[in-house]
Amino acid sequence: MTYIPSADDLEVITREVWTSFLDGDPAGLLVSGDDVAVERVTGCVHLSGAYTGSIMLSCSGSAARDAAAALFSMQPGDVTQNEIIDAIGELANMVGGNVKSMLPGPSVLSLPAVVQGQLAVPGAHVVREVHLTWRNEPLAVSLWQQAAQAA
Amino acid sequence: MVIDDSSAMRLILGRIMRGLGFDVVEAPNGAEAIARLESGAMPEIALVDWNMPVMDGLAFVNAVRKEERWRQITLMMVTTESEQSQIVRALAAGAHEYVIKPFTPDAIADKLALLGVLAY
């Protein structure tokens, strides 16, 4: 039977990444039932192979700016759009790579893509999702699976 | 040498390495890292991401290990690529160590000490 990481797994992985590179505080991320705000930034990595799908990290524009500021050790007001793209891409890459390690392999991880707004993958659907808040801003991590692979 | 397509990650790793007493040069992919080596850079150690555009980390490791003149460079993968089969591939290609992101500064220092490039 194929193990699909749980929402708790997504939370633990995200918390580890956030603790290592952003806050140093495991309590900095809180579980929330809320969906991500309309104005959002989404980072995504795709998997192809034994498991085909995507891992997305989506957060408010304000959270994205704060995350970039923390990664680059800058003031949020000084962060450029390129730095936000770089930061959200790398965070999605780290979360995605660690989720990949829990999925059936072998599979290949894509380079991260970052978009302003929401992203949907044609032919795929969300199989796991966790909603969090960081600095009172919404953040969500979701695992997608191509429909052809779905049970 | 820090080789990673993320400028944030290059900044973080560069800061850690400078804090440990290393001079740091950076490259955003394997091809630019090779160009720096070709132009005379001879790092004691290269921290190498796996997933990068242009030339990925595994291709970089293969390219470095083919050249006798670069044989003394210690290669450490620092990557999110954590499948066991991928780790084995990197080590078989000639990487000396493997660190999975996310990491702590202590984890990097511990690996460097294990490799003998950092005195503890």
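These figures come from a predicted structure and were not determined experimentally. By convention in this document, chain letters (A, B, ...) are assigned in the order of the sequence lines, proteins followed by strands, and residues within each chain are numbered from 1.
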Minimum-distance pair of heavy atoms, taken over all atoms of [X] and [Y]:
X: A/Leu109; Y: B/Thr80; result: CD2-OG1, 3.7 Å
X: A/Asp86; Y: B/Ala8; result: OD1-N, 3.1 Å
X: A/Phe72; Y: B/Arg15; result: O-NH2, 4.4 Å
X: A/Glu90; Y: B/Asp4; result: OE1-OD1, 4.3 Å

In one Ile/Leu/Val/Met/Phe/Trp/Tyr side-chain cluster, 4.5 Å: [X], [Y]:
X: A/Leu139; Y: A/Val12; value: no
X: B/Val25; Y: B/Ile73; value: yes
X: A/Val130; Y: A/Leu30; value: no
X: A/Trp18; Y: A/Leu10; value: yes
X: A/Val31; Y: A/Val126; value: no

Got [X] and [Y] here, is their nearest side-chain heavy-atom distance under 4.5 Å?
X: A/Ser101; Y: B/Glu81; value: no
X: B/Ile100; Y: A/Asn98; value: yes
X: A/Ser20; Y: B/Phe103; value: no
X: B/Ser6; Y: A/Asn93; value: no

Are the side chain of B/Glu83 and the backbone of A/Ser107 linked by a donor-acceptor contact shorter than 3.5 Å?
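Indeed, once roles are kept as given, a pair shorter than 3.5 Å links the two residues.
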
Name the member of B/Ser7, B/Ser82, B/Ser85 that forms the most heavy-atom pairs with chain A at distances under 4.5 Å.
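Heavy-atom pairs under 4.5 Å are most numerous for B/Ser7.
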
Using 0.5 Å steps for rounding, measure from the NZ atom of B/Lys101 to the CZ atom of A/Phe21.
7.5 Å

Examine whether an atom of B/Asp56 lies under 4.5 Å from a heavy atom of chain A, and if so say whether it belongs to the side chain, the backbone or both; otherwise answer neither.
neither

Given heavy-atom pairs under 4.5 angstrom as the criterion, report whether the side chain, backbone, both or neither of A/Leu71 touches chain B.
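Contact with chain B: backbone and side chain both.
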
